[in-house]
Amino acid sequence: MVTLEYPDGAKIKVEIEGSLLKVLVKSGENPEEIIVKKDGKMIAEDYELKKEDVVQIIKVGSKG
Amino acid sequence: MKCDFCRETSVIHVRHTDKWFCEEHLVASVEKKVLETVQKTFMINRNDKVLVAASGGKDSTNLLHILHKNFPKVEALFIDEGIKNYRERSKSFIKKFCKKHKITLHTSSFKEEFGTTTDQIVKLDSTKTSPCSKCGVLRRYLINKKALELGADKLVTGHNLDDTCQDILMNIFQFNMEKLARTKSISPGFVQRIKPFRRVSERESMAYSIIKGFESNEGACPYVSESFRSLIREELNDLEFKFHGSKVNLQMIFDRLVPNLEKKVMKNRLNKCENCGGPTSRKVCKTCQILEQLK
């Protein structure tokens, strides 16, 4: 189970492990709209996530 | 994956070019795209006074940084539209940024110029049309007015690849031929607007900002969910994810079509607004129409 943390404090648990891309798709996020950080550093979509990993989600487009 | 340009671990995959980047090469790639865009299209002459419309968001902040590093006369302009709990943060970010990087910052506001704010306009609006359509018109008017007053040769906006594609599709879906054709032309009464960030995607821009450690206001404007643009943005991102390169292809096709479109559509010269004297394709400009409705 990988945990996605959002800037507003919300957390989503995704019941999958594997590449970040797989996790994002499973969570319903469009990878084109976000950047992901783990332990304070940006990670690319092929990063292999394991159970209990926690990542931070940054939304890229928020203008009006 | 390793970075496509060195052996460092990559931090981002840029889908439209299918390249993997480490932090250092992502920064270099974004800066190269901006400078190539400026050089290839002769956007900025060495002695130009360049005014960057800085909103405090990531795109204009990044662009301000890159242009200030590479051109001698670069200043910033911040417009406060009067959106509570949103613009105060942006102003604070851009003030700090300009102070740190020794960039001259000019400010203006809807309140000073029009005697009202976007919040008040939304409150009083009986038509319930999108707040962005009114705020955007007034903002563009004020940015141009200030640029003229400050003697700017070029007015820079932080429109990125995503913004440009959204503009193209919005104008097509709204059958706004004139607006679609006018994007590249220079009109009397307007300081020439340039968009050196137009080849950089929203995601690349965000990555650049994070790597550089810039503070910027990425909170959503409280009126954004009501905009047509949001819908187009979502659809385009969905398309880009499924069909890599969709945004770049749309922009390239548009760039090739626009010279012919200009010839066909831009037959009518701009008039002077009967009210304020500003340039307009109508008798009374859109800014004056909006302000009149508010009386």
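Numbers restart at 1 for each chain; the letters A, B, ... are given by sequence-line order, proteins then strands. Values in this document were obtained by computation on a predicted structure and should not be read as measured data.
For Gln174(B), the CD atom is densely surrounded, since the number of other residues' heavy atoms within 6.0 Å is greater than 12.
Looking at Asp46(A), the atoms closer than 4.5 Å to chain B (heavy atoms on both sides) sit in the backbone and in the side chain alike. With a 4.5 Å cut-off on non-hydrogen atoms, Arg203(B) touches chain A through its backbone and its side chain both. Residue contact with chain B, scored on non-hydrogen atoms closer than 4.5 Å, involves the side chain of Lys37(A) exclusively. Residue Ile34(A) touches chain B through its backbone alone, counting heavy-atom pairs closer than 4.5 Å.
For the side-chain hydrogen bond (donor to acceptor under 3.5 Å, both in side chains) test with Gln166(B), the passing option among His159(B), Arg229(B), Glu202(B) is Arg229(B); the others fail. Each of Ile121(B), Thr118(B), Asp119(B), Thr117(B) was checked for a side-chain contact (heavy atoms from CB on, under 4.5 Å) with Cys135(B), and the lone residue meeting it is Thr118(B).
In this structure, Ile57(A) CD1 and Lys11(A) NZ are separated by 13.0 Å, a value rounded to the nearest 0.5 Å. Rounding to the nearest 0.5 Å places NZ of Lys179(B) at 13.5 Å from CD1 of Ile168(B).
Ring geometry, His65(B) versus Phe97(B): the interplanar angle exceeds 60°, so the pair is classed perpendicular (tilted spans 30 to 60°).
With no hydrogens or angles considered, no side-chain donor-acceptor pair links Asn160(B) and Lys195(B) at under 3.5 Å.
Within residues 239-246 of chain B, the residues having any heavy atom less than 4.5 Å from a heavy atom of chain A are, in residue-number order, Glu240(B), Phe241(B).
Looking at Arg233(B) and Asp162(B), no side-chain N of the basic residue comes within less than 4.0 Å of a carboxylate O on the acidic one, giving no salt bridge.
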